[in-house]
Amino acid sequence: MKRFAAILLALTLLLAGCTVPVSPTPTPALTPATTSPIPLPTSGGDVAESNIFAMDTVMSFRVHGENGQDMLALIANAINALERELSVTREGSDVWRINHAGGESVTVGEAAAYLLSLAKELGDSTGGALDMTMYPVVKAWGFTTSEYRVPSGSELSGLLEHVDYQKVETEQKPADLGDTYVTLPADMELDLGSIAKGYAGECAANLLRENGVTSALLNMGGNVQSVGSKPDGSPWRIGIQDPNETTGSYLGILQLVDQAAITSGGYERFFEEDGVRYWHIMDPHTGAPARSGLVSVTIVGNKGGLCDGLSTALFVLGREKALDYWRTYGGFEAILVDEDNNVWVTGGLKDSFALVEGSSYTLRLVEE
């Protein structure tokens with residue numbers, strides 16, 4: 001029995017479902033952005049659509065069936081509520097209060113408590129490839145302000161002395177029943193951004209299911225959540241971004257039914273200096289952009305938060321360790337694109353993923 005089941009069991013015991021503080025905050029209609037993976041156009045049936053800006057991302061939603069506009073408002077409010085609770089920069093959020101507590105314990109809501117637990121589980125299982133306390137390092141590179149720079153080796157060494165997810169302490173008082181208390185050393189900062197958007201999509205999809213929606217597609221910027229299939233019963237068709245081309249160019253098509261597909265890629269956010277490209281996916285062991293030989297990782301699975309974290313962690317680990325992780329833990333499928341234009345696809349996707357016609361990439365199927 002794969003150890004992945006133990007992770008899911010532990011997280012299920014911590015939080016049986018998505019608890020979202022919903023408020024009637026209005027959400028603006030914005031022009032949708034092109035991201036990856038990108039849901040390919042579909043049509044037919046009673047459909048409602050909207051775009052919002054949340055979690056620093058333009059999000060596009062499509063809901064089929066009755067009461068579509070009400071469902072769109074429901075999930076927009078839920079996502080905005082989660083952002084208010086989980087944002088690292090919003091004053092008063094749970095994450096902000098942890099970072100500004102000066103080493104004192106603070107109480108957090110169920111969403112933050114769940115994601116802290118998930119981040120800890122993923123940090124442990126990936127050997128620290130995902131570390132929620134990397135925020136000061138990411139800031140030093142300028143990815144939080146767009147004021148990009150290459151920190152010196154000595155600066156990074158100093159910052160890494162304050163990076164260690166294992167120093168994040170959580171405790172429930174009374175045990176298993178009361179509030180969750182979180183304590184972070186005063187010289188550290190954490191950020192749940194590597195899993196928060198996937199979790200928000202997971203919660204939004206669950207809200208739709210709970211309200212009787214059987215067909216919907218949520219595109220949250222590299223993060224696609226599907227509810228059921230298309231209205232005609234066929235799978236959703238998701239375009240996987242070609243990391244070597246401009247946005248909107250696909251290397252392959254993924255068929256998706258009632259699951260999440262979440263991509264992390266070096267092409268998403270980067271800057272160049274002296275002919276070198278530096279991207280936002282950081283290796284917690286070096287404090288620098290991950291140079292693992294991978295340029296894109298897509299994770300397909302049932303739990304968006306977990307898929308989000310794995311897409312980052314497996315990018316950092318590189319192909320061989322990522323596939324070893326898949327074989328050891330299971331519970332998800334992966335599409336790994338390496339810098340030599342190979343596309344490594346795990347066995348569970350052999351009938352649902354294909355390269356586009358005329359692709360310059362080489363498809364390599366991976367079996368257990």
Please lay out, stage by stage, how Lys230 and Val257 fare under the test side-chain contact (heavy atoms from CB on, under 4.5 Å).
CA-CA 8 Å; Lys230 292 198 290 186; Val257 176; over 6 Å; no
Look at the side chain of [X] and the backbone N and O of [Y], then say whether any donor-acceptor pair between them is shorter than 3.5 Å.
X	Y	result
Arg269	Phe143	yes
Asn99	Leu190	yes
Tyr181	Ser105	no
Arg84	Gly92	no
Glu189	Pro136	no
Arg90	Glu85	no
Gln259	Leu256	no
Ser157	Gly153	yes
Asn77	Ala73	yes

ILVMFWY network linking [X] to [Y], side-chain heavy atoms under 4.5 angstrom:
X	Y	answer
Met55	Leu192	yes
Tyr361	Val300	yes
Val163	Ile195	no
Val138	Tyr165	no
Met134	Ile281	no

So, taking the atom named [atom1] in [X] and the one named [atom2] in [Y], what distance separates them when rounded to the nearest 0.5 Å?
X	Y	atom1	atom2	result
Ser215	Leu208	OG	CG	10.5 Å
Ser87	Leu82	OG	CG	12.0 Å
Asn302	Asp258	CG	CG	7.5 Å
Glu272	Arg277	CD	CZ	5.0 Å
Arg319	Asn342	CZ	CG	7.5 Å
Ile98	Asp191	CD1	CG	11.0 Å

With the side chain counted from C-beta on, respond yes when [X] and [Y] share a heavy-atom pair under 4.5 Å apart, and no when they do not.
X	Y	result
Leu115	Leu118	yes
Glu273	Val276	no
Val150	Phe271	yes
Leu254	Ser352	yes
Leu156	Trp141	yes
His162	Thr133	no
Phe332	Leu314	yes
Arg291	Thr286	no

Quick check: closest heavy atoms across [X] and [Y], and the distance to 0.1 Å?
X	Y	result
Gln255	Asp351	NE2-O, 3.9 Å
Leu217	Ser226	CD1-CB, 3.8 Å
Pro284	Met282	CD-O, 3.3 Å
Gly309	Leu122	CA-CD1, 3.9 Å
Gly305	Glu202	N-OE1, 3.0 Å
Ile79	Ala54	CG2-CB, 3.9 Å

Val108 and Thr170: CA distance, side-chain angles, deciding distance, side-chain contact (heavy atoms from CB on, under 4.5 Å) verdict:
CA-CA 10 Å; Val108 300; Thr170 60; over 6 Å; no
Closer than 4.0 angstrom, basic N to acidic O: yes or no for Asp56 and Lys197?
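No.
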Pair Asp324 + Lys321: basic N to acidic O under 4.0 Å:
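No, no charged N to carboxylate O under 4.0 Å.
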Kindly assign one of parallel, tilted or perpendicular to the pair Trp279 and Phe315, based on the angle between their ring planes and the thresholds 30° and 60°.
perpendicular
With side chain to side chain donor-acceptor pair (under 3.5 Å) as the test, pick out the partner of Thr346 among Glu333, Glu368, Glu367.
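When Glu333, Glu368, Glu367 are each tested with Thr346, the side chain to side chain donor-acceptor pair (under 3.5 Å) holds only for Glu333.
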How about CD on Glu320, more than 12 heavy atoms from neighbouring residues, nucleotides or ligands closer than 6.0 Å, or not?
no
For the CD atom on Glu66, are there more than 12 heavy atoms of other groups (residues, nucleotides or ligands in this structure) within a distance under 6.0 Å?
no
Go through the steps for Ile240 and Phe353 under the test side-chain contact (heavy atoms from CB on, under 4.5 Å), then give the verdict.
CA-CA 10 Å; Ile240 303 299; Phe353 175 81; 4.0 Å; yes
Looking only at the side chains, is there a donor atom on one of Thr126 and Tyr325 sitting less than 3.5 Å from an acceptor on the other?
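Result is no, nothing qualifies.
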Might you work through the side-chain contact (heavy atoms from CB on, under 4.5 Å) test for Asn341 and Thr362, ending with a clear yes or no?
CA-CA 6 Å; Asn341 287 357; Thr362 302; over 6 Å; no
Go through Tyr267 and Asp242 one step at a time and tell me if the side-chain hydrogen bond (donor to acceptor under 3.5 Å, both in side chains) criterion holds.
CA-CA 9 Å; Tyr267 59 88; Asp242 184 338; over 6 Å; no
Ring center gap for Phe270 and Tyr148 short of 6.0 angstrom
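Not under 6.0 Å, so no.
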